[in-house]
Amino acid sequence: MLDIKFIVENQELVEKGLAKKGFKGISVAELIALHLEINKLKTSSQAVAEEKNRLSNTIKTASAEERPSIIEKSRELGEELKKEQESLVVLQEKFDNIMMRMPNLPSDDAPVGKDDSENVVRRKVGTPRTFDFKPLDHIELMELNNWSEMERIAKVSGSRTYAIKNELSRLELAIHMFVLDKLRENGFNVITVPSISKEKPLFGMGYLPFAKDEIYYLPADELYLSGTAELVLNSLHADEILTENDLPVLYAGFSPCFRREAGAAGKDTRGLVRVHQFMKTEQFVICKNDIEESEKWHQKLLSLSEEVLKDLELPYQVLEVCTGDMGAPKYRQYDLEAWVPSQGVYRETHSCSNITDWQARRTNLRYRENADGKVKFAHTLNNTGIATPRALVPFIENHQQADGSVKIPEKLRPYMMGVASIGGKK
RNA sequence: GGAGAGUUGGCAGAGUGGUAAUGCAGCAGAUUGCUAAUCUGUCAUCGGGAAUCCGAUGCAUAGGUUCGAGUCCUAUACUCUCCGCCA
């Protein structure tokens, strides 16, 4: 959510930002007009309320003769007030409806573009490996090593689900432990959070109303299945006023995540790349309302993810996401993509975003500044720590050996009982 | 699933129908001085105004009763305690 005062004072700038993000059909002029109308009505209804309060307070001390006429007058004012407030509610609803659909404005430094074809590669790290044997794709590797039950699980749970087993399931959990440990060493509070959520946090994060079709809904309990721990972490401190000394708040959140993948029909239907349920370790930061400070954290989160991919010895590229491909909440966004040999392309493993105060306004998350005691909306940022099973795809494909075994990088071995490789034909 | 208790500012905590006490913390100022203390103001949101300021709203949420609701009524949510069930 944006500050309405900012919108009023910077209409042109806001309209430009919306255009960059490809948001059409939102009238900034209408929003401003509604705001001004609401203010006008508020002012007039407040004058009525003031008069009514004044009258009411005289009743207690009024004489018996005066009292009935005062009560009558006060009642009339009450009815007038009620009418004004009813029209105020209608206007406010219209206003909120537009306001909730207003995206965050993108950074001036973000590349301008209409869709993912205009994202910009900032750098490539590591070199895609050349194989001296014919490499297998991740599905073949899993079949060879008895690491999955992909066909059977589809009978039970439908398409886009997965069951992995034996050494590969250990690897999945080991990678999470490895990343959680890394984040903990960097000052993050490790927290495992629910995957179920009420409706309100979905608005707070910006899932609603923007990505309605992506979300599983449980009508019997009016609850939703969360697509990311970010959803929960973003609302964990909703409606609170923290002190500046509490900041930054750093969370490494772990949770099962659920996505309907409604818009991805036909894409990545086989294997582990795009599934309805997965596990994600998420980085989440609440920091001061200071763009330099949050941009610093944005870079820090990015570097932590890069470190994860480096430690896992995966070639990757850093993509800066253009304005048209960013989600509504985002000010600036980097994606990390790891090399997938079987597809000959880089595939997304991490998404790192600075949200500035857009989410905090929606969740009413504030803090009190030390310097002057003023209350401000915090900045929030999020980034993937690691998401599995997707990350297993580049992992096992890049580290496969001629015999079908998969090498375990040095840094991960402590989490794999010290073994140097898993699987392979004996 | 059953029974009971509760929800008031950043925190603690009073308030049984007539302007939301007080303490602590934070912030600003003043003062005395020595590792701090004292005093005053401020300390949730919004509106009008250049500003001092004035006003409206705010006691979990939504309704209702009333000239007037933190207080009375109804519904809901959440928290805690006990019982039951349970990984």
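To find a chain, count down the sequence lines: A is the first, B the second, and so on, and within it residues start at 1.
- A donor-acceptor pair shorter than 3.5 Å can be found between the side chains of Gln11(A) and Glu15(A).
- For the pair Gly78(A) and Asn39(A), nearest-nucleotide mapping onto RNA chain B gives the more 5' position to Asn39(A).
- Counting only heavy atoms from C-beta on, Ile241(A) has its side chain closest to rG10(B) among rG10(B), rG47(B), rG64(B).
- Nucleotides rC27(B) and rC43(B) have their P atoms positioned 15 Å apart, rounded to a whole Å.
- Across rG2(B) and rC85(B), the matching P atoms stand 15 Å from one another, rounded to whole Å.
- Nucleic acid contact class of Ile59(A) (heavy atoms, under 4.0 Å, all strands): base.
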Which dot-bracket string describes RNA chain B (Watson-Crick N1-N3 plus N6-O4 or O6-N4, or G-U N1-O2 and O6-N3, all under 3.5 Å; [ ] crossing; | other strand)? ((((((((.[[[..)..(...]]].(((((.(...).))))).(((((....)))))..[[[[[..)....]]]]])))))))....
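- Listed nucleotides: rG64(B), rG47(B), rC67(B). Nearest to the side chain of Ile71(A): rC67(B).
- rG58(B) atom P lies 17 Å from atom CG of Asp239(A), rounded to whole Å.
- Arg54(A) comes within 4.0 angstrom of nothing in the nucleic acid, heavy atoms only.
- Although no hydrogens or angles enter the test, the distance criterion places no donor-acceptor pair under 3.5 Å between the side chain of Glu397(A) and the main chain of Pro394(A).
- Between the C1' atom of rU45(B) and the CZ atom of Arg366(A) lies a distance of 8 Å, rounded to the nearest Å.
- Across the P atoms, rA25(B) and rA75(B) are found 43 Å apart, a figure rounded to whole Å.
- Atom CG of Asn364(A) is separated from atom C1' of rG10(B) by 13 Å (rounded to the nearest Å).
- Rounded to an integer number of Å, the gap from Asp3(A) CG to rU45(B) C1' is 13 Å.
- Among the protein residues, Lys198(A) comes within range of the sugar-phosphate backbone only, with heavy atoms under 4.0 Å from sugar or phosphate atoms but none that close to a base.
- Separation of the C1' atoms belonging to rU45(B) and rC59(B) is 14 Å when rounded to the nearest angstrom.
- Nucleotide rG18(B) holds its P atom 18 Å from the CD1 atom of Ile70(A), rounded to whole Å.
- Comparing rU38(B) with rC24(B), their P atoms sit 8 Å apart, to the nearest whole Å.
- rG17(B) sits 25 Å from rA5(B) when the C1' atoms are compared, rounded to a whole Å.
- With ring centers used as reference points, Tyr331(A) lies 6.0 Å or more from His379(A).
- Gln333(A) and Ser353(A) share no side-chain donor-acceptor pair at under 3.5 Å.
- Salt-bridge check for Lys83(A) with Glu80(A): failed, with every basic side-chain N at 4.0 Å or more from each acidic carboxylate O.
- Residues of residues 41-53 of chain A that place a heavy atom closer than 4.0 Å to RNA chain B, in numerical order, are Lys42(A), Thr43(A), Gln46(A), Ala49(A), Glu50(A), Lys52(A), Asn53(A).
- Between His35(A) and Leu242(A), it is Leu242(A) whose nearest contact on RNA chain B lies nearer the 5' terminus.
- Considering only residues two or more places apart in sequence or on other chains, Phe254(A) meets the ring-ring contact (aromatic ring centres under 6.0 Å, His included) condition with His176(A).
- Between the P atom of rG47(B) and the CG atom of Leu91(A) lies a distance of 15 Å, rounded to the nearest Å.
- Scanning for side-chain contact (heavy atoms from CB on, under 4.5 Å) contacts around Asp108(A) gives Lys20(A), with sequence neighbours left out.
- With respect to Glu222(A) and Lys198(A), no salt bridge is recorded, no charged nitrogen being found less than 4.0 Å from a carboxylate O.
- In this structure, Ser74(A) reaches the sugar-phosphate backbone alone: every heavy-atom distance under 4.0 Å involves primed, P, OP1 or OP2 atoms, never a base.
- Taking the P atoms as reference points, rC72(B) lies 27 Å from rG23(B), given to the whole Å.
- Rounded to whole Å, the distance from CZ on Arg368(A) to C1' on rU42(B) is 10 Å.
- Phosphate proximity of rC67(B) to Arg75(A): present, with a side-chain N or O under 4.0 Å from OP1 or OP2.
- Evaluation of the salt bridge (charged side-chain N to carboxylate O under 4.0 Å, His left out) test over residues 244-270 of chain A, restricted to residues two or more places apart or in two chains, returns Glu244(A)-Lys288(A), Glu261(A)-Arg274(A), Asp268(A)-Arg274(A), Asp268(A)-Arg347(A).
- Side-chain atoms of Lys330(A) and Asn354(A) include no donor-acceptor pair closer than 3.5 Å.
- Applying the ring-ring contact (aromatic ring centres under 6.0 Å, His included) rule to Tyr224(A) yields the partners Tyr217(A); only residues at least two apart in sequence or on another chain are considered.
- For rA44(B), neither phosphate oxygen OP1 nor OP2 lies less than 4.0 angstrom from any side-chain nitrogen or oxygen of Lys374(A).
- In this structure, Asp246(A) places its CG atom 13 Å from P of rG10(B), rounding to the nearest Å.
- The separation of rG64(B) from rG15(B), taken at their P atoms, amounts to 29 Å, rounded to a whole angstrom.
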